[in-house]
Amino acid sequence: MGAFDFQRIEEKWQRIWEAEKTFAVDNQPDPEHPGYYCLEMLPYPSGRLHMGHVRNYTIGDAVARFKSARGFKVLHPMGWDSFGLPAENAAIKRKIHPRLWTEDNISQMRQQLKRLGYAYDWDREIAAHRPEYYRWNQWFFLKMHERGLAYRAHRWVNWCPTCETVLANEQVEGGVCWRCGTPVARKSLEQWFLKITAYAEELDAFLSKLPGWSERVRQMQRNWIGKSTGALVKLSVPDVPGLEPLEIFTTRIDTIFGATFCVLAPEHPAVEKLAAGTIQEAAVTDFVARMGKRNVVHQDALLGEAKEGVFTGAHAINPFTRERIPIWVGNFVLMEYGTGAIMAVPGNDVRDHEFARLYDLPIRPVVRPADPSTEVPSGQVYTEPGLLMNSGAYDGWPSDKAQEALIAQGEEKGFTRRMVQFRIRDWGVSRQRYWGTPIPMIHCAACGIVPVPEADLPVLLPEDVHLTGEGGSPLVSAPSFASVPCPRCGGDARRETDTMDTFFDSSWYFYRYADPKNDRAPFDPAAVDRWFPIDQYIGGITHAILHLIYCRFFTKVMRDMGLVRVDEPVVRLLNQGMVLKDGSAMSKSRGNVVEPDAMVNRYGADTCRLFALFAAPPERDMDWNEQGVEGCHRFLERVWRLASAQFGSPPPDGSAVKAAPSAREEALRRKTHQTILKVTEDLERRLHFNTAISAVMELVNELSAFHLEGVTTSSEIACFREGLDTVVRLLNPFAPHFTEEVWERLGHAQRLAHHAWPEPDLKVADEPLVEVIVQVNGKLRGKVRVEKGTPESDVLDRARGDSKVEAHLRGKTVSRSIFVPDRLLNLVVPG
RNA sequence: GCCGGGAUGGCGAAACGGGUAGACGCAAGGGACUUAAAAUCCCUCGGGGCGCAGGCCCCGUGUCGGUUCGAGUCCGACUCCCGGCACCA
């Protein structure tokens with residue numbers, strides 16, 4: 001019997017699944033089958049799947065099929081993140097409309113997904129570029145605007161002066177435009193922002209309530225949100241009459257007695273007034289102008305920039321010491337963070353120290369290590385909390401107590417208050433692009449900014465746009481689109497011609513799957529209630545920050561709007577590792593890309609799926625090793641051969657198992673039921689498909705040996721068939737076509753996809769005899785097979801009967817023995 | 001610099017509440033079948049040593065130290081690799 005015909009088998013079952021809608025689910029609650037939502041991150045329709053997709057979706061499919069067999073009604077949908085820059089680039093390069101390019105890609109990739117046999121409910125498919133979808137983007141945008149969560153502000157963008165267009169960060173290559181090579185400039189544009197900072201506190205706090213997320217992702221998000229707790233301190237500036245007190249933010253108010261100067265960001269609004277009329281005025285103006293030319297869009301350009309600054313000519317009063325301290329402007333202070341002004345403590349902060357040394361400003365350490373034996377090397381500064389010194393009445397206080405007391409003192413006097421700062425900034429969602437959701441706003445000369453009335457949604461993306469890659473937002477030049485009557489006054493007005501960041505599309509798409517065809521609302525809240533929160537979300541670590549913060553933010557906004565009842569969208573998150581080839585990421589330039597289609601053609605979908613799961617645990621990177629793929633293929637062939645002897649014969653008859661089975665029958669049955677236990681446990685608790693598959697391989701090895709020894713009596717056949725059927729059922733989530741086919745040929749009428757997961761018989765799985773290891777002084781010296789529950793004394797007797805153990809005990813007295821029932825006996829003898 | 005993760009055979013990896021290190025697979029070597037090859041099946045497979053042999057002994061989970069009857073697993077110090085944040089006050 002040769003190899004199984006995977007091509008025919010896979011086509012056959014894909015046809016059946018499609019015709020029978022095997023994986024479609026409705027939203028009806030079912031008391032016997034609780035809901036389970038298994039979701040994989042939706043792909044960008046680039047045109048073809050890569051191995052990363054295959055791994056991602058194979059993991060998700062294994063979970064979905066497993067949970068379904070376990071009795072859950074599983075929602076397992078798929079869709080397309082189909083707006084975005086590549087479609088526009090393709091349009092420019094190949095003169096094909098982005099919509100056609102995108103839809104063509106979608107149909108190709110959908111075909112590829114179907115060839116891999118994924119159990120999706122295709123009736124729920126969505127695509128972001130379709131008006132039925134993106135109208136709800138617009139609807140959410142309007143709702144956020146109503147709630148004050150969408151607003152306009154200026155922000156710097158990358159600008160190519162030659163193409164006269166905004167460049168995305170990835171279109172800036174080494175500081176020049178990717179198309180024409182012109183050095184990139186910066187330009188300030190008024191854009192739309194979403195107020196994610198309004199949720200910064202909650203986004204941070206809830207990270208500790210996500211035990212189903214890896215520490216890694218939670219830490220990445222924590223860094224990104226960047227919460228720090230401190231105080232705001234007001235310093236009066238008597239040098240400049242009428243000037244508001246200077247506000248600085250610090251997390252180390254315990255060091256305030258060491259604040260020997262202040263530094264403002266060059267963009268700080270007070271800089272000009274402080275310098276006005278002083279001898280420093282010209283120097284300050286010059287410095288600020290020079291700093292203004294810095295390319296701040298490219299943050300890396302700022303990294304490594306030497307510290308630089310200039311005295312403003314004015315002084316402030318440190319309210320705690322009444323000391324007069326000089327106010328400087330410095331390039332290392334960021335206007336975007338805190339108040340754009342700092343108190344400098346050169347005695348206890350490395351940056352301030354460096355600056356003070358540079359300009360010969362006074363340095364006064366005010367915190368020393370609490371442990372007197374800790375030496376601070378000369379020329380270095382001690383930056384950790386410790387004990388205060390040079391701090392008046394606070395000398396000797398520990399940092400944390402001093403912070404509390406100083407804040408309390410400052411609060412009472414009115415020059416300090418507690419303050420929490422976040423690094424996260426509001427989310428700029430405007431894109432000067434064509435292929436995205438039009439922002440539903442209208443600019444009217446008379447009325448200002450007017451939202452498009454809800455009834456007028458969707459604002460359709462016009463088709464007749466000529467894309468050149470040059471000259472501002474493409475929609476500006478779409479005549480049918482840009483000019484529009486003002487909804488409020490009816491006068492001539494102009495539509496917003498920017499489109500939305502595509503992360504907007506993917507921030508709520510998984511809610512739409514619950515009710516994908518709704519044309520009156522983004523979804524029916526009841527439908528969302530039926531499925532949410534998402535039980536298992538699977539996707540690449542690349543989305544650990546942006547997508548996974550944005551979608552949490554959306555969920556919280558939607559909750560506050562009364563649309564959903566969950567605080568967090570995702571219960572369990574799995575970030576699968578990358579698929580490598582020969583140790584490095586697959587890329588065209590390296591020439592090491594493995595095409596999924598080629599692999600499916602050669603080995604079949606089931607083999608590819610099996611390998612993707614077997615090669616490594618899911619969260620780790622794996623190498624696509626073709627010899628490993630062959631190994632998986634061989635394994636399936638082996639199962640096929642083993643099963644083929646039984647093809648056409650009736651399903652196993654449990655009653656044929658003898659009441660007193662032979663030893664080998666008993667051993668096989670034990671292995672069968674132990675394997676069920678092991679695989680179920682691996683999938684249920686850990687998603688460790690690699691060890692689950694290993695366990696099935698072990699069972700196959702035993703079945704194979706059993707078969708070799710002969711399967712003739714009805715009892716032997718029954719035991720063998722039980723093992724065989726178990727193998728097929730346990731492999732189903734990984735190799736669905738193969739197992740359906742074998743299952744059918746083994747005479748089962750019901751489809752495997754509708755079968756419940758096998759139940760282990762604990763009595764059969766139970767091992768009556770156990771191997772107790774015998775150690776002498778912690779070293780393995782022997783093993784004894786005894787009945788479960790054998791007491792220590794009996795085990796000891798048996799152990800002494802072991803010549804090897806006895807040899808190590810000869811002439812010595814056992815001073816102590818450690819006994820772990822059914823596991824181990826360790827005899828301690830003096831050296 | 002701060003934070004997170006990791007390091008186990010020739011390779012991918014197992015060992016899940018300290019208790020037989022290396023399951024399972026790949027590669028490699030040997031054998032059976034075959035005119036031959038492929039496929040398949042069987043055996044060996046961390047390192048070193050002793051023994052004619054059944055077998056036995058020592059070492060071994062990045063490094064050093066500790067706790068323990070017993071450590072890949074726990075604790076302390078360190079090295080290297082991967083990732084995140086980074087002039088964030």
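Both backbone and side-chain heavy atoms feed into the values below; hydrogens, waters and symmetry mates do not.
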**Asked** Between A:Q219 and A:Q421, which is nearer to the 5' end of RNA chain B once each is assigned its nearest nucleotide?
**Response** A:Q219
**Request:** For atom CD of A:E787, decide whether the heavy atoms of other residues, nucleotides or ligands shown that lie under 6.0 angstrom number more than 12.
**Result:** no
**Prompt:** When you compare B:C69 with B:C16, how far apart are their P atoms, in angstrom units rounded to a whole number?
**Reply:** 22 Å
**Prompt:** Is there a Watson-Crick or G-U wobble partner for B:G55 with both distances under 3.5 Å, and if so, which one is it?
**Reply:** B:C50
**Asked** Which nucleotide sits closest to the side chain of A:R781: B:C58, B:U20, B:G70?
**Response** B:C58
**Message:** Using a 4.0 Å heavy-atom cut-off, does A:K307 contact any base of the nucleic acid, only the sugar-phosphate backbone, or nothing at all?
**Reply:** base
**Request:** Determine the interatomic distance between C1' on B:G25 and the same-named atom on B:U79; round to the nearest Å.
**Result:** 32 Å
**Message:** Under 3.5 Å for both donor-acceptor distances, Watson-Crick or wobble: does B:C2 have a partner, and if so which one?
**Reply:** B:G84
**Prompt:** To the nearest angstrom, how far is A:D349 atom CG from B:G1 atom C1'?
**Reply:** 12 Å
**Prompt:** Would you call A:E404 and A:R418 a salt bridge, using N to O less than 4.0 angstrom?
**Reply:** yes
**Request:** With C1' as the reference atom in both, quote the distance from B:G55 to B:G70 in angstrom, rounded to an integer.
**Result:** 26 Å
**Message:** Taking the minimum atom-to-atom distance to the side chain of A:R638, which one of B:C41, B:A27, B:A89 wins?
**Reply:** B:C41
**Prompt:** A:H707 near the nucleic acid: base, sugar-phosphate alone, or nothing, with a heavy-atom cut-off under 4.0 Å?
**Reply:** nothing
**Message:** Going by purine N1 to pyrimidine N3 plus the second Watson-Crick contact, or the G-U wobble pair, all under 3.5 Å, which nucleotide sits opposite B:U34?
**Reply:** none
**Selection from B:C41, B:G25, B:A89 that lies nearest to any side-chain heavy atom of A:L708** = B:C41
**Request:** Mind calculating the distance between CD1 (A:I773) and C1' (B:A71) to the nearest angstrom?
**Result:** 14 Å
**Prompt:** Nearest to the side chain of A:E698, which nucleotide is it out of B:C26, B:A89, B:C24?
**Reply:** B:C24
**B:A23 and B:G30, which share atom name P, separated by this distance in whole Å** = 22 Å
**Prompt:** A:M697 has an atom CE; how far is it from atom P of B:A14, in whole Å?
**Reply:** 14 Å
**Asked** Rounded to whole angstroms, how far apart are CG on A:D582 and C1' on B:G12?
**Response** 13 Å
**Asked** side chain to side chain contact (heavy atoms under 4.5 Å, CB included) with A:T255: which of A:V367, A:L388, A:D352?
**Response** A:V367
**Request:** Scan side-chain atoms only and decide if A:T691 and A:D682 contain a donor-acceptor pair under the 3.5 Å cut-off.
**Result:** yes
**Prompt:** Roughly, in whole Å, what's the span from CZ in A:R218 to P in B:C85?
**Reply:** 18 Å
**Request:** State whether A:F706 and A:R664 meet the cation-pi test: NZ (Lys) or CZ (Arg) under 6.0 Å from the six-membered ring centroid, and within 45° of the perpendicular axis.
**Result:** yes
**Prompt:** Between B:G47 and B:U35, how far is it from one P atom to the other, in whole Å?
**Reply:** 37 Å
**Message:** Suppose we define a pair by two distances each less than 3.5 Å, Watson-Crick or G-U wobble; what does B:G12 pair with here?
**Reply:** B:C24
**Message:** Within the 4.0 Å heavy-atom criterion, would you say A:D623 contacts the bases, only the backbone, or no part of the nucleic acid?
**Reply:** nothing
**Prompt:** A:N223 has a side chain; which of B:C41, B:U20, B:C85 sits nearest to it?
**Reply:** B:C85
**Request:** Pick the P atom in B:A21 and in B:G72, then give their distance to the nearest Å.
**Result:** 9 Å
**Prompt:** Looking for any heavy atom pair under 4.0 Å, which part of the strands does A:S228 touch: base, sugar-phosphate only, or nothing?
**Reply:** sugar-phosphate
**Request:** Under 4.0 Å between any heavy atoms, over every strand shown, what does A:I545 touch: base, sugar-phosphate, or nothing? Just pick one.
**Result:** sugar-phosphate
**Complete:** Quick note, A:K678 side chain, CB onward, closest among B:G25, B:U40, B:C16 is B:C16
**Item:** Pairwise P distance, B:A71 and B:U20 [rounded to whole Å]
**Value:** 11 Å
**Request:** Using distance alone, with no hydrogens and no angle criterion, decide if A:Q403 and A:D254 have a side-chain donor and acceptor under 3.5 Å apart.
**Result:** yes
**Message:** Does A:F635 reach a base, just sugar-phosphate, or nothing at all? Heavy atoms under 4.0 Å.
**Reply:** nothing
**Fill in**
With the side chain defined as heavy atoms from C-beta on, A:V820 is closest, among B:G19, B:G84, B:C87, to B:G19
**Complete:** Whichever of A:N701 and A:L780 has the more 5' nearest nucleotide on RNA chain B, that residue is A:L780
**Asked** The side chain of A:F249 lies closest to which of these nucleotides: B:U20, B:G12, B:A89?
**Response** B:A89
**Prompt:** Partner of B:A77 by Watson-Crick or G-U wobble geometry, both contacts under 3.5 Å, or none?
**Reply:** B:U63
**Asked** What about A:F503 and A:W427, are their ring centers closer than 6.0 Å?
**Response** no
**Message:** Can you identify which nucleotide, out of B:U20, B:A27, B:G25, has its nearest atom closest to the A:K783 side chain?
**Reply:** B:U20
**Item:** Length of the line joining A:E215:CD and B:G84:C1', which is rounded to integer Å
**Value:** 12 Å
**Item:** Distance-only donor-acceptor test, A:R685 side-chain atoms vs B:C16 base atoms, 3.5 Å
**Value:** yes
**Message:** Return the pairing partner of B:G72 with a 3.5 Å limit on both distances, Watson-Crick or G-U wobble; otherwise return none.
**Reply:** none
**Request:** Check every atom of B:A15, B:U40, B:G25 against the side chain of A:R686 and return the nucleotide holding the closest atom.
**Result:** B:A15
**Message:** Work out how far the C1' atom of B:A7 is from that of B:G12, and round it to whole angstrom.
**Reply:** 15 Å
**Item:** Between A:T383 and A:N348, a side-chain donor and acceptor under 3.5 Å
**Value:** no
